S.K.: 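First the structure, which I've put down as structure tokens, then a few questions once you've had a look.
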There are 2 protein chains.
Amino acid sequence: MLITGGTAHAQDGSAGPIMLTTMSTSLHHRAIEHLGTRIVSGALPTGHVMLAEQLEDELKVSRSVVREAVRVLQSLGLVETIKRVGIRVLPASRWNPFDPLVIRWRLAGEGRGAQLRSLAELRSAVEPVAAELAARNAPEEIRRELLDVSLAMRDAGQAGNVAEFLQLDIQFHSLLLTGSGNEMFANLVGQVAETLTGRTVHGLMPDHPRETALQWHVDVAEAIAAGDAAAAREASSRIMRETISEMEAGWRDQPRVFIPRQQG
Amino acid sequence: MLITGGTAHAQDGSAGPIMLTTMSTSLHHRAIEHLGTRIVSGALPTGHVMLAEQLEDELKVSRSVVREAVRVLQSLGLVETIKRVGIRVLPASRWNPFDPLVIRWRLAGEGRGAQLRSLAELRSAVEPVAAELAARNAPEEIRRELLDVSLAMRDAGQAGNVAEFLQLDIQFHSLLLTGSGNEMFANLVGQVAETLTGRTVHGLMPDHPRETALQWHVDVAEAIAAGDAAAAREASSRIMRETISEMEAGWRDQPRVFIPRQQG
DNA sequence: TGACACCGATGTGTGCTGACATCAAAACTC
DNA sequence: GAGTTTTGATGTCAGCACACATCGGTGTCA
């Protein structure tokens, strides 16, 4: 495809030479974002085949950028490249559901409900165990901080200060996960924060959290401070049960899939 | 920076305990593998800076290959690229601990013990919840299959048939996770299989699994078949407790880290 | 004389392009 | 229908232009 001489880096748009750059992210990231969101949203359905050249044209970027973006999407399980065929969109069962990018894209689109359910269920599984581990292993400083935050949460909750409560809630659960000393648990902090903010933003959160729920957070912190693993687990379980039942309405209509994760 | 010297492309020639591989022999994959293993193993320490040109030379590949590989490693949180500086190795707290590649590399090297502990703890958190969900939601076919497999496990266990037991064990837990209808749980199948084989290969598995443990698997399957979520959870919890206590010795000396997840 | 600010040189990632290699699907020949 | 050739896509390579962070030199001011 000879492209005639003109400026190769034609930054379309009328305005002249400047204005590019600092457009937030690199071309590479923008390409990943563009393709990722369209695949996860379903705009590019499973089995859809694209050509690298077509993507260059569509995204107005060069081969390098397209190729590097496709490589990353490939490592996320979103696409595969086949010689003589092109770049094929893979079924959702091949996506890596733990990748932050994939989670973000799903939360931004159709799959939001199902994604929130998955995260909430994962949280409900992990947090009680994290509380147990924290009670056994967490350093003194984290135990103390957990106590402080839980008490502050109670105050903010009783005062109906939603914004501060959310911030403390996130901090509490982050400390809990970090304090477990399990790096996989600790890495869920971001996703947990996402579900908590999601709950608040979507009005699933009562203005005044139930008094008992507030006390449970204090119970968790006190049990961890005291090194009582069983109590920490039990109190955390109660929080999780409450949380799930609060949010359940948001995804009741979402279908579940029972397809084994394919390949590796 | 003396590096290499020896075999640059040293593909573990020894008996690879893990079966995947298939060695796609793509230059791109080899570059990822080469750098990934060396970073995760600690051969390239945190903060170490490499130059793209140096990597081309070291791996004997062109710019494109190096750049695409670095992009992928960047998306895994293993490295960052800085203009005018080079490609810098990031601390382990930035790695994505859920990525299959990272997990595989850690299992293959120093971090094996810590990785197995993380996976086992994650499993112990997830499986009881998965059992609960399966009891509520799994399709009839999976419930039936779970029952069949659990009975076959009991037979193989009593007969001391280790190889067959392992295979059935993996199948059982895969069915359980898949049957939960939670895509994140289902995606842990591969990692669970890894821990199970690891346990067997490293002799942490008794030749004749305890009779009670075998029965617990049947209990889980029967509870799921009957739709009894609480019983399924309880029986699964028992299995997890037993499993953890069996394997615990393998990682008792591994240090825990309490660093909050970084980046975003 | 010394400390600080400015500014250009330098080096390295980022992005673009043309060319060739490779390989598998599709078309073709026998 | 089986084997062979053609075709068309990704895979790989090499060179260039550009953006920009860092470094070091130079000038100014105290």
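All values below come from the heavy atoms of this structure, side chains included, with hydrogens, waters and symmetry mates left out. Below, chains carry the letters A, B, ... as their sequence lines are ordered, and counting in each starts from 1. What you are looking at is a predicted structure, and each value in this text was computed from that prediction instead of being measured.
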S.K.: In terms of side-chain geometry, is the basic nitrogen of B:E33 or B:R38 positioned less than 4.0 Å from the acidic oxygen of its partner?
M.R.: no

S.K.: Could you pull out all residues at least two apart from A:R106 that satisfy salt bridge (charged side-chain N to carboxylate O under 4.0 Å, His left out)?
M.R.: B:E183

S.K.: Just grab all the salt bridge (Lys or Arg N to Asp or Glu O under 4.0 Å) pairs involving residues 108-121 of chain A, residues at least two apart or on different chains.
M.R.: A:E121-A:R256

S.K.: Distance check needed: D:dG11 P versus A:E53 CD, whole Å only.
M.R.: 15 Å

S.K.: What residue pairs, at least two apart or across chains, pass ring pair (Phe, Tyr, Trp, His ring centres under 6.0 Å) with a residue in residues 163-190 of chain B?
M.R.: B:F172-B:H217, B:H173-B:H217

S.K.: What heavy-atom pair brings B:I170 and B:A193 nearest, and what distance separates the two atoms?
M.R.: CG2-CB, 3.9 Å

S.K.: Note down the inter-axis angle between the two ends of the helix from C:dT1-D:dA30 to C:dC30-D:dG1, five pairs each, to the nearest 10°.
M.R.: 0°

S.K.: So does B:R199 pair up with B:D169, basic N to acidic O under 4.0 Å?
M.R.: yes

S.K.: In whole Å, I'd like the distance from the CG atom of A:L51 to the P atom of D:dG11.
M.R.: 12 Å

S.K.: Can you tell me the distance, in whole Å, between the CD atom of B:E68 and the P atom of C:dT14?
M.R.: 13 Å

S.K.: Can you list every pair that meets salt bridge (Lys or Arg N to Asp or Glu O under 4.0 Å) and has a residue in residues 72-86 of chain A, with sequence neighbours left out?
M.R.: A:E80-A:R88

S.K.: Has the side chain of B:R63 got a donor or acceptor that lies under 3.5 Å from a partner of the other kind on the base of C:dT14?
M.R.: yes

S.K.: Write down the distance between CZ (B:R88) and P (D:dT22), rounded to a whole number of angstrom.
M.R.: 9 Å

S.K.: Does a donor on one side chain and an acceptor on the other come within less than 3.5 Å for B:Q115 and B:W251?
M.R.: no

S.K.: For DNA chain C, which residues of residues 74-85 of chain A approach it to below 4.0 angstrom with any heavy atom?
M.R.: A:K83, A:R84

S.K.: A:V192 and side-chain contact (heavy atoms from CB on, under 4.5 Å): which single residue from A:L177, A:L176, A:V126, A:L119 fits?
M.R.: A:L177

S.K.: Does C:dC16 have its OP1 or OP2 closer than 4.0 Å to a side-chain nitrogen or oxygen of A:S62?
M.R.: yes

S.K.: Using atom CD1 of B:I32 as one end and atom C1' of D:dG11 as the other, report the distance to the nearest whole Å.
M.R.: 14 Å

S.K.: If the cut-off is 4.0 Å, is A:R71 near the phosphate of D:dT12, judged by side-chain N/O to OP1 or OP2?
M.R.: yes

S.K.: Could you tell me the separation between the CG atom of B:L27 and the P atom of C:dT22, rounded to a whole number of Å?
M.R.: 11 Å

